[in-house]
*Asks:* 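Below you will find the structure I want to go over with you.
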Amino acid sequence: MSKLGDLGAKLYRGEVGYDFVGKRFLWYGVSILITITAIVALAVQGLNMGIEFKGGAVFTTPKTTVSVAKATEAAEEASGHDAIVQELGTGGLRIQISGVDTGAATDVKQKLATDLKVDQAAINADLVGPSWGEQIANKAWTGLGIFMVLVVIYLAIAFEWRMAVAALIALIHDLTITVGVYALVGFEVTPGTVIGLLTILGYSLYDTVVVFDGLKEGSKDITKQTRWTYSEIANRSINGTLVRSINTTVVALLPVAALLFIGGGFLGAGMLNDISLSLFVGLAAGAYSSIFIATPLVVDLKEREPAMKALKKRVLAKRAAAAAKGESPDEGYDADDEPQVVAQGRSGRRR
């Protein structure tokens, strides 16, 4: 068995574990710091909205010998606006210029034909109005709002309202970090970015629900035993799914990293950056929030209940009594008295 597999087995059996819940205020502090950084970046630098959102023109040229750098300079001089130029597989160029209206597009097209030494009739021009981009943005916000509402309703029914609240906070946490990274690096926000954001919400929610499912099963009839507190069972649930979460995240990040760093970086395929950056940051943030944020938040909310407070007092009192007698805290417990813990997708009893 590999070292990771051996660790996973030990985590599953409860032989080893890390106190994620006990150190939750450390994770909260880290998340608050990252979130504040993201919000400041968003407020100071703002988002680099793509042509689909603020309007402009896209010119596609036939094959030309003019370099991307020279084409960029020519496009900016012809339009008076910033331009993004990408080389196509056909040898032609895709020139994206924001702020160009219908009246100016013809003049810009004519100047580009002269500077790039191509036939004006062979240049294809696509105009995008700002109203179309506004419609996309409004629909995206509407879709996001509906998604959030449905998530809260589903989790409240399938689990409980505390888990629904914690999952919602985790999703907002992931979105804020991803958008903040876009503001920091200055990547263009396009419809591909929106698709990436909606994708990571589903992934983040899936990872969180897996941990919640283990916690739900593990906390059945919790008040009928005096061996574990709610926070301890929650921590066991996180540890039981830890290796699974790591494996899932790594497998998901590898192809996305290839798109971002190889396709978007080394090969200069800028359009891949639209979706790959949001996926890369969002997947990593989603894995982090499901382990370090969502479940600890549930614990904070759950342990405010009188029943959970009473359980914690009983557990600690029994441990103190055992310590006073010089006994092990585990002595006198029947294995059947332990709450069930679901780990890595299977249910079983801790022995």
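Computed from a predicted model, the values in this text were never measured in an experiment.
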*Asks:* Could you tell me whether the side chain of Lys313 reaches within less than 4.5 Å of the side chain of Leu316, counting heavy atoms only?
*Replies:* no
*Asks:* Is the ring pair Phe20/Trp27 parallel, tilted or perpendicular, if the boundaries are 30 and 60 degrees?
*Replies:* tilted
*Asks:* For Asp300, check side-chain hydrogen bond (donor to acceptor under 3.5 Å, both in side chains) against everything at least two apart and list the hits.
*Replies:* Arg24, Tyr28
*Asks:* Please report the C-alpha distance between Leu215 and Met163 in whole Å, then the side-chain angles of each, then the deciding distance to 0.1 Å, and finally whether the side chain to side chain contact (heavy atoms under 4.5 Å, CB included) criterion is met.
*Replies:* CA-CA 10 Å; Leu215 178 55; Met163 292 184 177; 3.8 Å; yes
*Asks:* Do Val58 and Arg94 have side-chain heavy atoms sitting under 4.5 Å apart?
*Replies:* yes
*Asks:* Could you go through Phe159 and Val298, starting from their C-alpha distance and side-chain angles, then the distance that decides it, and tell me whether this counts as side chain to side chain contact (heavy atoms under 4.5 Å, CB included)?
*Replies:* CA-CA 11 Å; Phe159 298 98; Val298 172; over 6 Å; no
*Asks:* Does the side chain of Leu144 come within less than 4.5 Å of Leu175's, by heavy atoms?
*Replies:* yes
*Asks:* Within a 6.0 Å radius of atom CD on Glu73, are there more than 12 heavy atoms belonging to other residues, nucleotides or ligands?
*Replies:* no
*Asks:* Could you work out the complete set of other residues in the hydrophobic cluster of Ile153, with links drawn between I, L, V, M, F, W and Y side chains under 4.5 Å apart?
*Replies:* Val149, Ile157
*Asks:* Checking side chain to side chain contact (heavy atoms under 4.5 Å, CB included) for the pair Leu150/Phe147: CA distance, chi angles, key distance, verdict?
*Replies:* CA-CA 5 Å; Leu150 292 177; Phe147 174 82; 6.0 Å; no
*Asks:* Which of parallel (below 30°), tilted (30 to 60°) and perpendicular (above 60°) describes Tyr288 and Phe292?
*Replies:* parallel
*Asks:* Which other residues belong to the hydrophobic cluster containing Val44, where Ile, Leu, Val, Met, Phe, Trp and Tyr are joined when side-chain heavy atoms lie under 4.5 Å apart, directly or via other members?
*Replies:* Ile32, Ile36, Val40
